[in-house]
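Data block below; observations after.
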Amino acid sequence: MIRSIVDRVLETSLGYQLNQKLANPTVRLFKDLIKTEFPRRENIQILDIGCGTANYRNCFNGKYTGLDINPAYVRLAATRYPDGQFVVMSGAELAFKSETFDEAFSIATTHHLTDDQLVSMAREALRVVRAGGHFHVFDAILPLDGSAFKSTFFRLDRGRFPREAKDLLGLLQQCGRIEHQKTMTGFLHDVIYISLAGSN
């Protein structure tokens, strides 16, 4: 009962923003990884799959397109960042032509997806990036040291599919070639960055 009420609140744009504030230690880890790992090129066309309210928009240069399945999130994101393009869309079925973007990425999304949905999203992301582009995955993972606190905290998330790093890597390897990965430990979550390239 309480869990369903909390989930409904978090589905609102205000609830999403509040959750980002509460999870600030993890948000900082994601921003550190973006700063050090994501390509820094001018005039780049990027796709943010599962953008939420676009809290990470300012971390990226270039022409930005964000998508999310939650219309409330998309409306707020478009208001906050009129320089971007925002659409309501499922990451597992992208309505973009192949080779539309230079790079695609997803932040804190994979733990909301079933294995099949995650694989579909990764394959679609690689389809819509141009030759030489990547699908960049940033997400929380179950704690590297087995911490009961962090594991319990993560399992309270709306995302019903928290994974160990090896399981996330195994799923993504079905879709392409992992070129780089990096993990970081944090107070609330441990996080991972994965750079996935097409297999061809």
Side-chain angles (χ1 to χ4, degrees), residues 6-7 10 15-40 46-61 64 66-68 70 73 77 91-92 103-115 117-119 121-122 125-126 129 133-197:
V6 170
D7 284 354
L10 293 175
Y16 182 92
Q17 292 290 93
L18 176 60
N19 190 47
Q20 291 291 295
K21 298 277 189 202
L22 295 175
N24 190 51
T26 305
V27 169
R28 285 200 309 269
L29 288 179
F30 288 142
K31 289 183 176 181
D32 288 345
L33 284 170
I34 292 165
K35 184 176 181 180
T36 59
E37 306 300 329
F38 194 81
R40 311 301 288 185
I46 56 175
L47 175 65
D48 183 353
I49 302 175
C51 67
T53 60
N55 283 353
Y56 297 94
R57 169 64 185 107
N58 287 336
C59 298
F60 298 94
N61 297 326
Y64 175 98
L67 65 89
D68 201 283
N70 187 319
Y73 294 173
E103 305 286 343
F105 63 93
S106 178
I107 303 170
T109 301
T110 68
H111 66 278
H112 291 275
L113 305 176
T114 66
D115 289 356
Q117 289 170 332
L118 194 160
V119 166
M121 178 179 71
L126 291 174
V129 296
H134 297 80
F135 179 39
H136 305 266
V137 175
F138 304 83
D139 209 348
I141 50 175
L142 288 169
L144 297 167
D145 63 359
S147 163
F149 166 73
K150 287 193 280 191
S151 180
T152 301
F153 185 79
F154 194 8
R155 292 182 188 282
L156 293 174
D157 190 278
R158 283 179 304 136
R160 301 292 190 255
F161 306 98
R163 295 178 176 91
E164 293 183 11
K166 65 179 178 60
D167 297 323
L168 180 55
L169 289 163
L171 289 167
L172 292 174
Q173 283 173 333
Q174 297 178 29
C175 309
R177 184 179 70 258
I178 292 173
E179 290 199 341
H180 179 62
Q181 69 183 79
K182 182 176 181 179
T183 56
M184 295 179 73
T185 58
F187 172 66
L188 296 177
H189 302 94
D190 294 346
V191 300
I192 193 168
Y193 163 73
I194 302 164
S195 173
L196 186 70

CG-CE distance between L118 and M121, expressed to the nearest 0.5 angstrom: 5.0 Å
In a check of side chain to side chain contact (heavy atoms under 4.5 Å, CB included) between S195 and each of E103, E37, H180, which one passes? H180
Just by modelled atom types, is the G52 backbone N or O under 3.5 Å from a matching donor or acceptor in the D68 side chain? yes
Value rounded to 0.5 Å, distance of CG in N58 from NZ in K31: 7.5 Å
Under 3.5 Å donor-acceptor, K150 side chain and L144 backbone: no
Check side chain to side chain donor-acceptor pair (under 3.5 Å) between D115 and all other residues, then give those that pass, not counting sequence neighbours. R163
Quick one: side chain to side chain donor-acceptor pair (under 3.5 Å) partners of H111, sequence neighbours excluded? D139, D157
State the CG-NE2 distance between L29 and H189, to the nearest 0.5 angstrom. 10.0 Å
Do I49 and F105 make a side-chain contact, defined as non-hydrogen atoms from C-beta onward lying under 4.5 Å apart? no
Is there a donor-acceptor contact under 3.5 Å linking the side chains of H134 and E179? yes
According to the interplanar angle, ranging from 0 to 90°, do the rings of H136 and Y193 count as parallel (below 30°), tilted (30 to 60°) or perpendicular (above 60°)? parallel
Before you tell me yes or no, could you show the steps for V27 and N55 under side chain to side chain contact (heavy atoms under 4.5 Å, CB included), namely the whole-Å CA-CA distance, both residues' side-chain angles and the distance that decides it to 0.1 Å? CA-CA 9 Å; V27 169; N55 283 353; over 6 Å; no
Are Y56 and F138 close enough that their ring centres sit under 6.0 Å apart? no
Close side-chain approach of F38 to I46, heavy-atom, < 4.5 Å: yes
To the nearest 0.5 Å, tell me how far L171 CG sits from L196 CG. 11.5 Å
Could you tell me whether the side chain of L33 reaches within less than 4.5 Å of the side chain of V191, counting heavy atoms only? yes
Can you list the residues that meet the side chain to side chain donor-acceptor pair (under 3.5 Å) rule with T109, with sequence neighbours excluded? S106
CD1 on I141 to OG1 on T183, rounded to 0.5 Å: 6.0 Å
Pairwise distance SG(C175) to CZ(F135) - rounded to 0.5 angstrom: 9.0 Å
